[in-house]
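Report on one structure; see the data block that follows.
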Amino acid sequence: MKKDDLKRFTNKEVAHILRSIAAVYLLKRVNRFRIIAYEKAADSVEHLTRELKDLWQDGKLFDIPGIGSSIGSHLDEYFKTGKSIHFDSILKKVPSTLFVLMKIPTIGPKKAYKLVKELKLSDPATVVGDLKKACLEGRIAKLETFGERSQKDILEAIDLYEKKSSKTERMPLPYAFEIAKDIMDYLKKNPGIKNVDALGSLRRMVATIGDVDLAVQVKNEKLKIKSYKEIINYFIKCPKTLRVDNAGEKKASIIVNPNIRIDLRIQEDKSYGSMLQYFTGSKAHNINLREFALKKGYSLNEYGIKPIKPISNKVPNPKFKLLEFEKEEKLYNFLGLQYIPPEIREGTDEIEMAKARKIPKLVETNEIKGDLHIHSSYDLKPSHDLGKNTYKEILEKAERLDYQYVGFADHNPKIADLSKNEVMEIMRLRSDEINKVAAKSRKVKCFIGLEVDILPDGKIALPEEAINYVDYLIVSVHSVFNQDAKSMTSRVLKALSYPKVKILGHPTGRLLGKREGYELEWPKIFDYCKKKNIVLEINSWPQRLDLPDLLVREGLNYRVKFVVDTDAHANDQMDGIFYGISVARRGWCEKNDIMNTLPYIEIRKWLIE
DNA sequence: GCCGTTTTCGGCCCGACTGTTTTCAGTCG
């Protein structure tokens with residue numbers, strides 16, 4: 001019971017409920033569009049980058065595409081009371097073992113129903129094992145519409161399911177990106193390859209990635225078949241390959257260390273843009289785009305755009321020839337839309353905005369003028385990890401990145417182990433040291449920052465007098481994450497009220513794959529930040545990518561500003577700013593929304609004056 | 001059941017793959 005409680009209200013669980021209801025409706029043969037509606041809602045919830053429950057608390061439930069008055073009100077009841085009478089009554093119509101079997105790949109509602117019924121599988125706790133036993137005893141092959149082949153497939157699928165449920169799930173974007181980059185670099189060395197692109201969630205720079213999908217465009221069209229084969233062969237011989245999963249004529253998959261699947265597709269020149277568009281997704285974006293195209297009289301697929309009506313009344317074209325696109329831009333433009341960058345193709349309002357020509361010019365990595373959250377090796381007896389590089393080395397790195405400034409934001413001295421006077425002395429010496437190093441730096445200016453812990457009661461882990469030794473403070477929560485939204489909100493608001501606080505660091509505290517963020521009443525935080533000219537950090541640390549993209553976009557509605565920082569503890573990590581920028585882009589940020597695109601003179605005004 | 005610049009009614013994405021049911025249903029991305 002306890003264990004179940006812990007799993008309550010997660011997006012995964014809600015998506016599973018919605019998908020289960022779609023399955024029951026399918027079996028009960030209700031209107032198929034109602035089934036699609038539930039599946040769409042399930043997809044939508046599953047791909048949210050925030051917890052649905054938090055959105056519900058913020059009153060944003062009905063903003064989610066696919067959630068309307070009916071599903072929305074049932075979810076409202078579900079979150080309020082812990083159950084939905086309507087959902088429960090639907091789910092009761094079929095044996096619950098069915099929903100367990102549906103988790104096995106290649107088993108959908110219909111097969112699951114048949115298996116459950118014919119084999120009388122009634123215990124959800126043992127159903128997978130029972131099915132496996134039935135396979136091994138040859139009982140599946142005897143069922144109508146199943147055969148030897150299906151029996152073997154089911155056995156393999158169960159195997160996969162059992163392995164997968166105990167294996168790694170999605171990985172943080174930066175890890176996937178590094179792996180993909182290695183393989184893309186390898187592919188680019190092949191003289192037959194003109195272009196290599198990421199596809200899917202990797203191209204959209206989603207915070208977590210499952211499989212890596214790649215596309216190649218070949219150079220020599222005339223030798224098509226031969227060169228395709230050569231490229232597939234070259235791909236599967238990649239030094240990172242652990243094993244080859246499959247290799248066909250236009251597609252192949254390999255598994256690389258540590259058990260990551262890489263899919264490659266080859267497409268000819270003239271429809272490369274259509275393929276890129278199609279496999280970049282998201283699914284929700286593609287569905288919306290196809291619905292939009294349909295209204296204009298076009299059908300959209302991975303090869304191009306097909307008119308579903310004759311192009312002109314005078315000259316009817318009986319063949320309705322497929323229109324092909326080598327470039328994605330042309331495809332969007334043909335439909336009367338502005339080009340939509342992959343990062344915002346999430347099926348929200350991007351098509352509407354593209355039609356109105358209101359797609360923003362998203363911020364780019366080369367517009368960043370400095371990094372305000374960097375940890376050095378200067379030993380100030382900190383509460384958390386020291387960095388690896390000296391102030392001088394960090395400045396040299398910043399110069400190589402063509403930055404105008406950096407902000408040193410070491411962790412505060414550990415106040416539990418030190419007297420107030422000792423802390424003051426440490427802070428004074430540190431400030432002298434930074435000033436000394438700064439005086440010798442010609443190109444890159446520096447700011448004296450500090451990342452200060454927000455204590456459980458909202459006080460900051462630094463004596464107030466010591467604030468005199470810094471230019472600005474970043475305040476962050478590093479402990480006691482389990483307070484409820486109300487207490488956490490007043491805790492953070494109190495911390496933000498101290499002098500010189502300019503940045504709220506990694507605002508949700510999430511660690512991808514490890515820890516959910518804590519809950520906050522975001523409208524209050526946004527309002528306060530806007531009022532006090534405080535900005536929210538978009539932290540580029542691979543496991544953080546925090547603030548999450550959805551909250552970034554929400555913050556924009558409150559006209560809040562952001563700063564993209566690396567939180568680097570070593571110089572090579574300063575290159576990771578790129579990942580924070582990807583979060584900002586997914587949150588629809590333009591250059592002006594990001595404080596550290598400002599030149600030195602202007603950021604100084606905000607930070608110090 | 002959801003949704004809105006042809007709509008508050010009347011529409012609703014598209015194709016590949018596979019096994020088995022010889023013409024298609026089920027599943028997936």
Side-chain angles (χ1 to χ4, degrees), chain A residues 18-19 21-23 25-27 29-44 46-47 61-75 86-87 90 101-115 140-141 143-154 156-157 160 199-201 210-211 213 246 248-251 253 261 263 265 271 274-275 277-306 308 322 335-337 347-349 351-358:
Chain A
L18 295 172
R19 222 178 285 291
I21 288 173
Y25 279 155
L26 181 75
L27 295 169
R29 298 173 186 284
V30 305
N31 177 307
R32 72 186 183 98
F33 293 109
R34 196 191 297 176
I35 302 168
I36 291 169
Y38 270 90
E39 278 172 350
K40 215 170 166 179
D43 280 340
S44 194
E46 202 165 33
H47 292 112
L61 199 55
F62 296 94
D63 293 355
I64 298 165
I67 294 185
S69 58
S70 172
I71 295 180
S73 70
H74 298 312
L75 285 175
H86 178 252
F87 287 170
I90 305 286
L101 290 191
M102 277 175 54
K103 291 184 180 173
I104 299 169
T106 74
I107 296 185
K110 301 229 170 159
K111 280 187 191 168
Y113 187 64
K114 200 151 202 175
L115 291 168
I140 305 292
L143 299 176
E144 206 184 333
T145 74
F146 289 87
E148 288 290 340
R149 183 77 223 197
S150 305
Q151 179 169 278
K152 195 169 149 262
D153 286 351
I154 289 177
E156 277 170 19
L160 206 69
L199 299 170
S201 50
D211 297 337
D213 293 314
N246 62 65
E249 281 181 14
K250 294 181 73 173
K251 246 174 83 160
S253 307
R261 187 192 168 87
D263 292 329
R265 291 170 194 280
S271 54
S274 298
M275 197 244 347
Q277 194 289 316
Y278 181 88
F279 287 107
T280 295
S282 66
K283 192 177 170 185
H285 173 80
N286 282 356
I287 289 176
N288 292 349
L289 189 66
R290 273 173 240 153
E291 277 174 356
F292 178 80
L294 206 58
K295 282 177 202 149
K296 298 201 144 202
Y298 298 105
S299 171
L300 193 60
N301 67 26
E302 64 185 278
Y303 302 109
I305 296 178
K306 215 173 8 181
I308 49 181
L322 183 77
L335 292 171
L337 297 172
T348 58
D349 56 346
I351 290 176
E352 215 176 295
M353 298 296 266
K355 189 163 184 237
R357 313 207 70 76
K358 286 186 184 162

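Within every chain, numbering begins at 1; the chains are lettered A, B, ... in the order of the sequence lines, protein sequences first and strands thereafter.
- Among the nucleotides B:dC12, B:dG1, B:dT27, the one closest to the side chain of A:Leu294 is B:dC12.
- For the atom pair CG (A:Leu300) and CG (A:Leu335), the distance works out to 6.5 Å, reported to the nearest 0.5 Å.
- Counting heavy atoms from C-beta on, the side chains of A:Arg32 and A:Leu26 never come closer than 4.5 Å.
- For A:Lys111, taking side-chain heavy atoms from C-beta onward, the closest of the listed nucleotides B:dT27, B:dT6, B:dT20 is B:dT27.
- Distance CG (A:Asp63) to C1' (B:dC2): 15 Å, rounded to an integer number of Å.
- Here the CD-CG distance, from A:Gln277 to A:Leu289, works out to 5.0 Å after rounding to the nearest 0.5 Å.
- On a pure distance criterion of 3.5 Å, no polar donor-acceptor pair joins the side chain of A:Tyr25 and the base of B:dG1.
- Two residues, A:Gly68 and A:Asp213, neighbour DNA chain B, and the one matched to the more 5' nucleotide by heavy-atom proximity is A:Gly68.
- The side chain of A:Ile71 approaches B:dC2 more closely than any other nucleotide in the set B:dC2, B:dT20, B:dG29.
- Here the nucleotide nearest the side chain of A:Lys355, chosen from B:dC12, B:dT5, B:dG1, is B:dT5.
- Atom name C1', nucleotides B:dG26 and B:dT21: the rounded distance is 12 Å, in whole Å.
- At B:dT20, one or more side-chain N or O atoms of A:Ser150 fall inside 4.0 Å of OP1 or OP2 (strictly under the cut-off).
- Annotation: B:dT8 and B:dC12 have their C1' atoms spaced 16 Å apart (nearest Å).
- Counting heavy atoms from C-beta outward, A:Leu18 and A:Ile71 have side chains that approach closer than 4.5 Å.
- One finds a side-chain N or O of A:Tyr303 lying less than 4.0 angstrom from the OP1 or OP2 phosphate oxygen of B:dA16.
- A:Leu300 comes within contact range of the sugar-phosphate backbone alone, with a heavy-atom separation under 4.0 Å but no base atom that close.
- Residue contacts shown for A:Asp153 are limited to sugar-phosphate atoms, with no base heavy atom under 4.0 Å away.
- Nearest nucleotide to the side chain of A:Lys306, out of B:dG15, B:dT27, B:dC2: B:dG15.
- Among the heavy atoms of the strands lying under 4.0 Å from A:Phe146 are primed sugar atoms or P, OP1, OP2 only; no base atom is included.
- Its glycosidic angle being more than 90° from 0, B:dT20 falls on the anti side.
- Counting only heavy atoms from C-beta on, A:Asn301 has its side chain closest to B:dG15 among B:dG15, B:dT6, B:dG1.
- The A:Ser299 side chain lies nearest to B:dC14 when the options are B:dG1, B:dT20, B:dC14.
- Looking at heavy atoms from C-beta onward, A:Lys283 lies out of side-chain contact with A:Lys40 at the 4.5 angstrom threshold.
- Of the two residues near DNA chain B, A:Ala112 and A:Glu148, the one whose nearest nucleotide lies more 5' is A:Glu148.
- Closest to the side chain of A:Glu302, out of B:dG15, B:dG29, B:dC14, is B:dG15.
- The aromatic ring of A:Phe33 sits over the base of B:dC12, with ring centres less than 5.5 Å apart and planes inclined by under 30°.
- Using a 4.0 Å cutoff on non-hydrogen atoms, the parts of residues 36-44 of chain A near DNA chain B are A:Ala37, A:Tyr38, ordered by number.
- Residues A:Arg261 and A:Asp263 are paired through a salt bridge, judged by an N-O separation under 4.0 Å between the basic side chain and the carboxylate.
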